[in-house]
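Lettering of chains follows the sequences in order, A, B, ..., and the numbering in each one begins at 1.
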2 protein chains.
Amino acid sequence: MSLTLEQIAKLAGVSRSTVSRVINDQPNVRQEVRERVWRVIRETGYQPNLAARSLVTRRTGVIGLVIPRAVQSLFADPFFPQLIQGITQACNTHDYMLALFVLHTKEEEQKLYPRVMRARLLDGAIVAASEIGDPLVRHLIENRLPFVLVGRPDDPTGISFVQPDNVIGAYTAVSHLLRLGYRRIGTITGPLNTTVGLDRRQGYLDALRERHGVIDENLIVEGDFTEAGGHAAMLRLLPHRPEAVFAASDIMAFGALRALREAGLSVPDDVAVVGFDDLPAAASCDPPLTTVRQPIRRTGTQAAEVLIDILNNGPTPPRHITLSVELVIRSSCGVERKR
Amino acid sequence: MSLTLEQIAKLAGVSRSTVSRVINDQPNVRQEVRERVWRVIRETGYQPNLAARSLVTRRTGVIGLVIPRAVQSLFADPFFPQLIQGITQACNTHDYMLALFVLHTKEEEQKLYPRVMRARLLDGAIVAASEIGDPLVRHLIENRLPFVLVGRPDDPTGISFVQPDNVIGAYTAVSHLLRLGYRRIGTITGPLNTTVGLDRRQGYLDALRERHGVIDENLIVEGDFTEAGGHAAMLRLLPHRPEAVFAASDIMAFGALRALREAGLSVPDDVAVVGFDDLPAAASCDPPLTTVRQPIRRTGTQAAEVLIDILNNGPTPPRHITLSVELVIRSSCGVERKR
DNA sequence: CCAGTTTTTGGGAGCGCTCTCAAAGTCATT
DNA sequence: AATGACTTTGAGAGCGCTCCCAAAAACTGG
């Protein structure tokens with residue numbers, strides 16, 4: 001059915017070994033022979049059998065993207081698609097395949113971990129959105145599977161990761177609000193069992209401490225990175241009369257906008273809103289959302305490239321990459337009015 | 001480093017063959033032996049090497065999800081995440097792995113096709129959102145790779161696919177508008193080089209012909225399933241004074257809503273809007289969008305299950321599955337006002 | 001033109017598994 | 001106790017590739 005090395009060898013009038021050398025671009029093959037072999041390969045459409053190859057090389061050319069269960073909701077916003085785009089881009093460039101593991105339940109998690117890690121069919125993994133204390137990272141280390149995290153882990157010792165600059169991003173957003181004259185600034189945080197949630201809250205606190213000095217605990221409400229969560233959080237914030245709100249994600253900002261609209265309040269006249277992510281929808285919502293742009297696709301590409309580099313060139317000192325972010329000023333922060 | 005069958009055999013005091021039989025749940029092993037072997041496997045955490053296995057079985061346990069390049073934009077809306085969720089769910093249940101192929105450029109397409117199909121590392125494929133005349137389907141057939149399409153192909157002969165009922169969905173949406181008394185009903189279609197785009201337009205035409213009889217070509221504008229495309233299409237529609245608009249996707253409906261808002265028109269008072277998909281955001285936009293709900297996750301699950309069934313039980317007559325859709329009435333169609 | 005050196009080539013082993021087939025073991029029946 | 005039928009077990013081959021090593025071929029310089 002499918003061609004083998006041996007058959008190509010026969011067709012080209014050389015040995016199996018020579019064909020193998022040609023395919024793997026190894027030296028010590030006469031130019032003329034090399035060309036002849038390539039011609040046969042091209043004409044027959046031969047592709048080496050990857051199972052056979054990886055049986056001997058102990059490498060599969062497959063990397064996994066693992067998305068633990070807790071983030072079902074996250075998966076409903078365009079963050080993951082963009083991340084995946086970035087990752088697949090890098091995979092395509094470097095001839096790796098991407099396997100996707102979306103874990104819906106705890107049982108699946110239990111079942112998948114051993115299978116994936118010990119069956120040796122992944123060369124490495126990218127882990128997105130794990131929570132603090134997630135045992136996944138420990139398992140990966142125990143099984144010696146190279147991996148890169150998207151998002152800072154709780155304890156980064158010996159671990160490579162790629163993340164946006166969450167602290168600075170939040171700091172910039174809140175500083176902007178302070179500069180516009182708002183004082184009672186609330187925040188809808190991300191889940192505080194994630195480092196993203198923690199870091200963006202930290203940026204909020206930093207800005208407030210530095211430029212204003214007063215923290216009102218009533219103005220800090222925990223959200224969950226969903227639209228409904230943002231909506232609920234805004235409702236809890238409203239009684240405390242915030243002049244402005246920093247939402248730790250655009251999706252939550254959309255929920256907040258809806259809550260404000262339903263309460264008959266105008267944005268930014270009654271309450272200013274700033275988000276984080278700069279999703280495509282941020283530009284087209286009403287009013288257009290001022291937000292912190294993070295390079296999601298590039299995060300994915302970088303994570304994949306760090307991993308692939310480790311796979312191709314052996315272990316390196318762990319790399320901690322923080323990508324810079326940028327405040328995109330639209331109208332939801334009330335920039336026109338206040339200036 | 002990693003354990004092999006032979007080592008497990010030695011530990012359990014049996015032969016390689018017996019361990020293999022136990023692992024693959026084959027008959028003709030004494031109960032007592034079977035248990036002893038399982039205990040050793042559990043204690044050692046042994047997992048069979050998949051490369052070695054698939055070298056002899058000619059199966060990898062991997063299915064691919066292929067997303068051709070044209071749909072970059074689509075990937076920015078939650079359709080694909082939901083589809084992927086459905087697919088991974090089925091994969092997890094049936095012990096298959098999912099490999100993701102997102103093709104960004106034509107070159108990647110050229111490069112990937114042979115590699116993926118001939119290297120035999122996919123048992124089968126799910127193809128999403130291919131255009132009419134896409135050579136991918138032809139390649140799949142030529143390479144005898146079992147596959148299932150998400151969305152009806154142009155010529156369904158011999159091809160299995162899963163799709164929502166696009167024609168009926170559009171028909172229902174437009175009939176609803178007609179029943180509410182609107183007469184000048186426009187539509188923003190999907191790309192007309194896709195069957196989805198064609199079918200939803202067909203439903204629009206069917207409803208109009210049946211209940212109204214008059215088709216105004218000026219009220220039919222082609223969109224591209226993006227927010228910006230919906231916005232642009234609405235701008236082209238406005239001069240022809242539609243009373244209502246059926247957008248072939250929610251994302252385009254959002255663009256249309258924005259165009260109307262910017263034009264100072266009220267929805268639904270000046271123009272009613274109906275979408276298609278029922279994305280999460282449809283419930284929370286302003287005004288909440290009346291739309292056709294399609295079971296995206298279930299589409300993914302079904303597609304994966306049809307494929308896996310073919311892989312596990314051999315070829316079957318091609319299956320054509322059309323999932324029913326449901327009109328979700330919110331306020332953007334002006335239901336309260338007209339009743 | 002030959003010994004010595006370097007480049008090119010081919011054959012064999014083996015990666016870890018499944019599968020076939022024959023040998024060994026078990027059981028019932030005469 | 002011996003025969004036949006069936007169940008259980010193990011040894012061997014082979015899947016298609018890479019890698020090692022030895023053989024062959026092609027170059028050197030004297």
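For the pair A:Lys10 NZ and D:dC17 P, the computed distance is 14 Å after rounding to whole Å. Between B:Arg36 atom CZ and D:dT9 atom C1' there is a gap of 12 Å when expressed in whole angstrom units. With rounding to whole Å, B:Asp25 atom CG is found 13 Å from C:dC19 atom P. If you take CD1 of A:Ile8 and C1' of C:dG10, they are 17 Å apart, rounded to a whole angstrom. For the pair B:Arg34 CZ and D:dT7 P, the computed distance is 14 Å after rounding to whole Å. Spacing between atom CD of A:Gln31 and atom P of C:dT7 amounts to 16 Å, rounded to whole angstrom units. Here D:dG14 presents its P atom at 13 Å from CD of A:Glu6, a figure rounded to the nearest Å. Taking atom CG of B:Leu5 as the reference point, atom C1' of D:dA11 lies 14 Å away to the nearest angstrom.
No salt bridge links A:Glu6 with A:Lys10; every basic N to acidic carboxylate O contact stays at or beyond 4.0 Å.
Remark on DNA chain D: of its neighbouring residues B:Ala52 and B:Gly13, the 5'-side contact belongs to B:Gly13, judged by nearest-heavy-atom nucleotide. Heavy-atom nearest nucleotides on DNA chain D were determined for A:Ile23 and for A:Arg30, and the one closer to the 5' end corresponds to A:Ile23. In terms of position along DNA chain C, the nucleotide closest to A:Ser15 lies nearer the 5' end than the nucleotide closest to the other residue of the pair A:Ser15 and B:Pro48.
One finds a side-chain N or O of B:Tyr46 lying less than 4.0 angstrom from the OP1 or OP2 phosphate oxygen of C:dC17. The phosphate of C:dT18 has OP1 or OP2 within less than 4.0 Å of a side-chain N or O from B:Asn24. For the OP1/OP2 pair of D:dT18 and a distance below 4.0 Å, the side-chain nitrogens and oxygens of A:Arg53 include at least one atom meeting the criterion.
Side-chain contact between B:Tyr96 and B:Asp123 is present, with at least one heavy-atom pair separated by less than 4.5 Å. Residues B:Pro68 and B:Asp134 meet the side-chain proximity criterion, which asks for heavy atoms closer than 4.5 Å.
Within 4.0 Å (heavy atoms only), A:Ser17 reaches at least one base atom of the nucleic acid. Among the atoms of the strands shown, only primed sugar atoms or phosphate atoms (P, OP1, OP2) are found under 4.0 Å from some heavy atom of B:Gln26. B:Glu32 comes within contact range of no nucleotide atom at all, as no heavy-atom separation falls under 4.0 Å. Across all strands shown, A:Asn28 has heavy atoms under 4.0 Å from base atoms, whether or not it also approaches the sugar-phosphate.
Nearest to the side chain of A:Arg21, among D:dC19, D:dT8, C:dG10, sits C:dG10. Across D:dG16, D:dT9, C:dT9, the shortest atom-to-atom separation from the side chain of A:Leu55 is found for D:dG16. Between C:dG10, D:dT18, D:dT9, one nucleotide has an atom nearer to the side chain of A:Val56 than all others, and that is D:dT18.
A donor and an acceptor atom sit less than 3.5 Å apart, one in the side chain of B:Arg16 and one in the base of C:dT18. Counting distance only, with no hydrogens placed and no angle test, the side-chain atoms of A:Arg120 and the base atoms of C:dG16 include no donor-acceptor pair under 3.5 Å. For A:Arg58 against C:dG16, no side-chain N or O and base N or O form a donor-acceptor pair under 3.5 Å.
Atom CD1 of B:Ile8 is separated from atom CG of B:Leu3 by 5.0 Å, given to the nearest 0.5 angstrom.
Using a 30° and 60° split on the angle between ring planes, A:Phe161 and A:His320 fall in the parallel class, below 30°.
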*Evaluate the side-chain contact (heavy atoms from CB on, under 4.5 Å) criterion for residues B:Tyr113 and B:Leu103: first the C-alpha distance (whole Å), next the side-chain angles of each, then the deciding distance (0.1 Å), finally the verdict.*
CA-CA 10 Å; B:Tyr113 286 177; B:Leu103 307 174; 3.7 Å; yes

